[in-house]
Amino acid sequence: MEFDEQKLRAYYANPPEDISLESIDLGRIPRHVTLIMDGNGRWAQAQGRPRHEGHIAGVDALREAVTTSVRLGIDVLSAYAFSTENWKRPQEEVNLLMHLFATTLLKELPLFFQENVRLRFLGDINSLPENTREVFEEGLAKTASHTGMEFALAVNYGSRAELVRAARLVAKDVAAGSLALDEVDESAIAERLYTHGLPDPELLIRTSGELRLSNYLLWQLAYTEFYVVNKHWPDFSRWDMLRAICAYQRRDRRFGGVSAS
Ligand code: FPP
């Protein structure tokens, strides 16, 4: 996607010692970057503060990640905000997160307008609390005509549930006669995932040092490069995004083939 180089340079002024805009090739920015925002609770607990303060601080880091991605000309930024397994958390934390999603979305709508960002959700948002669902639907409607970066937030998302849903949709179409059995191929599945129409992520960033996928985008991450950073999500900054892209650009992506070099 196009980016405003002047804005980008101003945004990345005063770099730390180890990284700067010059460290990356601006002509090879990944199209789709996806985030597993882990460690909000531990970030708060490490400071003797309640877990929910970590989620609140996490919102600031996510806002910065959205702005950073727009500045860099990334086409799609996606982020794992709430999994189908997160309902097992204490009710109070679940309530707070649902409330935070709704209030944050309303508060951040002007940013989506200013930056021409289109919103999208991955996951089953129909079974969210009514107020959260209504705000999400409002966000979708209000940003539907935006033509800039797509921001896809995974809420009530689980990859296995997504694949089961896709299998059911395929079976339904086959049973109805609108899809022939020999038309059931990779694209028939991909078109029935929440991510339909989006390119697969080239880069997955996970904070907090954990080396697992946590039921996230199992299909879509087949050839994605992983970058794991040893800091908690609220501490993730625009410079960490550059470090991640720099690491990505040094990878030799073979997609099961042999190296071009
Ligand atoms: C992981 O930290 C984070 C979450 C489960 C929630 C993600 C939410 C945010 C980043 C803030 C709000 C986002 C939006 C879209 C408004 P954790 O609680 O699993 O941390 P822990 O592993 O240290 O317990």
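The chain is numbered in sequence order, starting from 1. For the numbers below, each heavy atom of this structure counts, side chains included, while hydrogens, waters and symmetry mates do not. Read the numbers this way: they start at 1 and go in the same order the structure lists the ligands and their atoms.
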What residue and heavy atom of the protein are closest to [atom], and at what distance?
| atom | answer |
| --- | --- |
| atom 13 (C) of ligand 1 | Phe101 CE2, 3.8 Å |
| atom 3 (C) of ligand 1 | Met37 O, 3.1 Å |
| atom 12 (C) of ligand 1 | Val59 CG2, 3.5 Å |
| atom 9 (C) of ligand 1 | Asn40 ND2, 3.5 Å |
| atom 24 (O) of ligand 1 | Arg51 NH1, 2.9 Å |
| atom 11 (C) of ligand 1 | His55 O, 3.4 Å |

**OP:** Describe, in one word, how the ring planes of Tyr157 and Tyr216 are oriented to each other, choosing from parallel (under 30°), tilted (30 to 60°) and perpendicular (over 60°).
**Re:** perpendicular

Subject >> Backbone or side-chain N or O of Trp43 under 3.5 Å from ligand 1 N or O >> reply: no

Go through ligand 1 atom by atom and flag the ones less than 4.0 Å from a non-hydrogen atom of [X].
| X | result |
| --- | --- |
| Trp233 | 10 (C) |
| Leu153 | 15 (C) |
| Arg42 | 21 (P), 22 (O), 23 (O) |
| Ala81 | 4 (C), 5 (C), 6 (C), 7 (C) |

**OP:** Go through the steps to decide whether Asp18 and Arg243 satisfy the test salt bridge (charged side-chain N to carboxylate O under 4.0 Å, His left out), and finish with yes or no.
**Re:** CA-CA 9 Å; Asp18 68 305; Arg243 290 183 184 105; 2.6 Å; yes

Relative to ligand 1, is [X] under 4.0 angstrom through side chain, backbone, both or neither, heavy atoms considered?
| X | answer |
| --- | --- |
| Phe82 | neither |
| His232 | neither |
| Leu105 | neither |
| Glu108 | neither |
| Thr104 | side chain |
| Ile56 | neither |

**OP:** Please determine if Glu22 and Arg9 form a salt bridge, counting it only when a charged side-chain N lies under 4.0 Å from a carboxylate O.
**Re:**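 A salt bridge links Glu22 with Arg9.
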
**OP:** Answer yes when Asp124 and Arg165 have at least one side-chain N-carboxylate O distance shorter than 4.0 Å, and no when they do not.
**Re:** no

Original post:
How far apart are the C-alpha atoms of Trp233 and Asp38, what are their side-chain angles, what is the distance that settles it, and do they pass the side-chain contact (heavy atoms from CB on, under 4.5 Å) test?
Top reply: CA-CA 6 Å; Trp233 174 251; Asp38 197 13; 5.9 Å; no

Original post:
Given side chains that start at C-beta, do those of Val33 and Ser69 come closer than 4.5 Å, heavy atoms only?
Top reply: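 In short, these two side chains do not touch, never coming nearer than 4.5 Å.
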
Subject >> Validation row: Leu242, Leu72 side chains within 4.5 angstrom (heavy atoms) >> reply: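 Result yes, sub-4.5 Å side-chain heavy-atom pair found.
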
Subject >> Exam field: side chain Arg238 to backbone Tyr11, donor-acceptor pair closer than 3.5 Å >> reply: yes

Subject >> Donor-acceptor contact present, side-chain Thr224 to main-chain Glu202, <3.5 Å >> reply: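 Side chain of Thr224 to backbone of Glu202, a donor-acceptor pair under 3.5 Å: no, none is there.
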
Subject >> Intermediate values then yes/no, salt bridge (charged side-chain N to carboxylate O under 4.0 Å, His left out), Arg206 and Glu210 >> reply: CA-CA 7 Å; Arg206 179 165 191 152; Glu210 307 294 356; 5.8 Å; no

Subject >> Residue selection (non-hydrogen contact nearest atom 18 (O) of ligand 1) among Lys107, Glu93, Arg89 >> reply: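 Minimum heavy-atom distance to atom 18 (O) of ligand 1 goes to Arg89.
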
Subject >> Within 6.0 angstrom of Phe113 CZ, more than 12 heavy atoms from elsewhere >> reply: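 It does: Phe113 CZ has more than 12 such atoms within range.
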
